[in-house]
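Some notes on the structure that comes next.
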Amino acid sequence: MKQNFLRFLALISLVIVSMFSPYMANADEKVDYLLGAGDSIRINVFQNPELTTETRVSESGTVSYPLIGEIKIGGKTIQDAEQKIAQALISGGFVQQPQVNIVLLQVRGNQVAVLGMVNRPGRYPLETFNTHLSEMLATAGGVASNAGNGFVMLNGIREGKAYRYEVDLAALFLDDKKSQDILVNNGDVIYITPGNQISILGQVVRPGRFPLESFKMRLADALAMAGGASPSGSDLVVVSGVRDGQSFKKEINIAELFLSKDTAEENFVMAGDQIYVHRAPVYYIYGEAQKPSSYRVERNMTVVQALAQGGGPTVRGTQRSIKLYRRNESGVVEKTSPKLTDPIHADDVLYVEESLF
């Protein structure tokens, strides 16, 4: 019975060790910060306040310290730099058993540039040498919302040779692959490229470039990202891009997609497409109308509806005497006396005449 109990304890010990061994390994892998040119430090020696000084590491990696003069600490950890200064004080016979303490005031020597589709692009200090790529992106405010499914490109130097690393944003954050979240080094340049994007222009609420969450997207969903068409926007949308290596251009009536009783054809947009929403067609009304102005031509609008949109005739006007000016296919403006049920076309001009009685 006792042997079985001892075996059980041994098994439990092995399980506990296996659970915590990854964390112990990570702790061993942690690399201390190396002092570099531009770093501001404060050097203190216990019970020797006259030796306290604040200085900056020079481009050559040296600092000037009382009694011992120039001493090179660039490229060393803080602990190694403390030991080197202490040894110099002992060798010079200035302090017998110095207890040197270095405080890092400002990090300037080791920096990483983060550019592209991040919220705060710029140069950021590398405070430790176990900083991962994802942590550096977080320091720069994270990936911008319009980055889409772009790529992370890292350029730097490894073992004296030029180094380049690329990883998909989604893979970096969504996949459980820690090997892709590499460590960054001093002097690295991180650039976030925009992913698949489309341009939405013209009469929309928020024109601009927008990311595609997948390889393609429904046209209606894309317009929704831009806030939809503005009040002055047309129902007609022009989509242009490239399909199968050939230029592509298509006019789509958005209203027909939703109002038609027939099954609507699926219209998708793809990366690089441009969506243009033109100004809605208008007609003009003047003369003895309550509100003479230009108005949007609605679907299947008639003359009487156009007259009502303009507030109807004034007390001196009459709907029995309306003139319509319309440009024909030859570009010549024709004057007619329309029926109240006649359709209104784009750029029509209605003139409400004064009543004779």
Side-chain angles (χ1 to χ4, degrees), residues 198-208 218-220 222-241 247-265 267 269 273-357:
I198 56 174
S199 300
I200 306 180
L201 311 169
Q203 303 299 312
V204 291
V205 176
R206 295 188 301 273
R218 287 184 175 86
L219 175 60
L223 289 174
M225 290 194 302
S230 64
S232 60
S234 171
D235 293 338
L236 197 64
V237 174
V238 180
V239 179
S240 58
S247 297
F248 166 83
K249 187 174 184 179
K250 184 178 181 181
E251 292 186 355
I252 302 169
N253 193 312
I254 296 298
E256 289 292 340
L257 296 180
F258 298 96
L259 300 179
S260 175
K261 294 182 180 179
D262 299 332
T263 302
E265 177 189 358
N267 290 280
V269 292
D273 281 356
Q274 293 182 334
I275 302 172
Y276 176 71
V277 180
H278 191 53
R279 180 179 64 87
V282 296
Y283 72 94
Y284 305 87
I285 184 170
Y286 74 109
E288 294 299 331
Q290 296 280 2
K291 297 183 293 183
S293 185
S294 61
Y295 296 95
R296 178 188 175 115
V297 178
E298 302 295 344
R299 289 169 54 86
N300 303 320
M301 176 176 271
T302 62
V303 171
V304 69
Q305 291 173 332
L307 181 61
Q309 185 75 33
T314 65
V315 293
R316 295 188 301 176
T318 175
Q319 67 180 27
R320 294 190 302 270
S321 182
I322 298 177
K323 300 303 179 194
L324 172 64
Y325 298 89
R326 177 177 296 166
R327 193 179 301 276
N328 61 23
E329 295 180 356
S330 302
V332 179
V333 176
E334 296 178 339
K335 177 181 177 182
T336 61
S337 298
K339 297 179 182 179
L340 294 179
T341 55
D342 286 349
I344 290 292
H345 296 176
D347 297 324
D348 279 354
V349 179
L350 290 177
Y351 174 64
V352 182
E353 294 184 337
E354 185 176 353
S355 175
L356 301 177
F357 301 98

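Using modelled atom types and a 3.5 Å distance limit, the side chains of Ser199 and Gln274 yield no donor-acceptor pair. For Thr336 and Lys323, the side-chain atoms include no donor-acceptor pair closer than 3.5 Å.
In plain terms, the two heavy atoms of Thr314 and Gln290 that are nearest each other are CA-NE2, 3.7 Å. Between Val277 and Gly233, the shortest heavy-atom distance links the atoms CG1-CA, 4.2 Å. Across all non-hydrogen atoms, the minimal contact from Tyr286 to Val349 is CE2-CG1, 3.6 Å. Residue Ala222 comes nearest to Ile275 through the heavy atom pair CB-CD1, 3.9 Å, listed as atom of the first residue, atom of the second, then distance. For the residue pair Ala255 and Arg299, the shortest heavy atom distance occurs at CB-NH1, 4.0 Å. Of all heavy-atom pairs between Thr302 and Thr341, the closest is CG2-O, 3.7 Å.
Here CD1 of Ile252 is found 5.0 Å from CG of Leu219. Values are rounded to the nearest 0.5 Å. Atom NZ of residue Lys291 and atom CD of residue Gln309 lie 6.5 Å apart, to the nearest 0.5 angstrom. Between atom OG of residue Ser337 and atom OH of residue Tyr351 there is a gap of 12.5 Å, rounded to the nearest 0.5 Å. A distance of 9.5 Å separates CG in Leu307 from CD1 in Ile344, rounded to the nearest 0.5 Å. Atom CG in Asn253 sits 7.5 Å away from atom OG in Ser234 (nearest 0.5 Å).
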Criterion side chain to side chain contact (heavy atoms under 4.5 Å, CB included) on His345 and Arg326, from CA distance to verdict: CA-CA 8 Å; His345 296 176; Arg326 177 177 296 166; 3.5 Å; yes

Any chance you could lay out the side chain to side chain contact (heavy atoms under 4.5 Å, CB included) test for Leu340 and Gln319, step after step, and finish with the verdict? CA-CA 8 Å; Leu340 294 179; Gln319 67 180 27; 3.7 Å; yes

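Residue Lys339 qualifies as open at atom NZ: its count of foreign heavy atoms under 6.0 Å is 12 or below.
Looking at Ser355 and Ser321, their side chains never come closer than 4.5 Å, going by heavy atoms from C-beta outward. Taking 4.5 Å as the limit, every side-chain heavy atom of Val239 sits out of range of all side-chain heavy atoms of Asn267.
Tested against Pro338, the residues Val304, Asp348, Val303 include a single side chain to side chain contact (heavy atoms under 4.5 Å, CB included) partner, Val303.
Side chain of Ser330 to main chain of Val332: no donor-acceptor pair is present (N/O by atom type, distance under 3.5 Å, no hydrogens or angles). A donor-acceptor pair under 3.5 Å links the side-chain atoms of Arg206 to the main chain of Met225, judged by distance alone. Listed for the Glu354 side chain is no donor-acceptor partner under 3.5 Å among the backbone atoms of Gly317. At distances below 3.5 Å, at least one donor-acceptor pair connects side-chain atoms of Tyr283 with backbone N or O atoms of Ala306.
Electrostatic pairing of Lys250 and Asp273 does not count as a salt bridge here, judged by no charged N lying under 4.0 Å from a carboxylate O.
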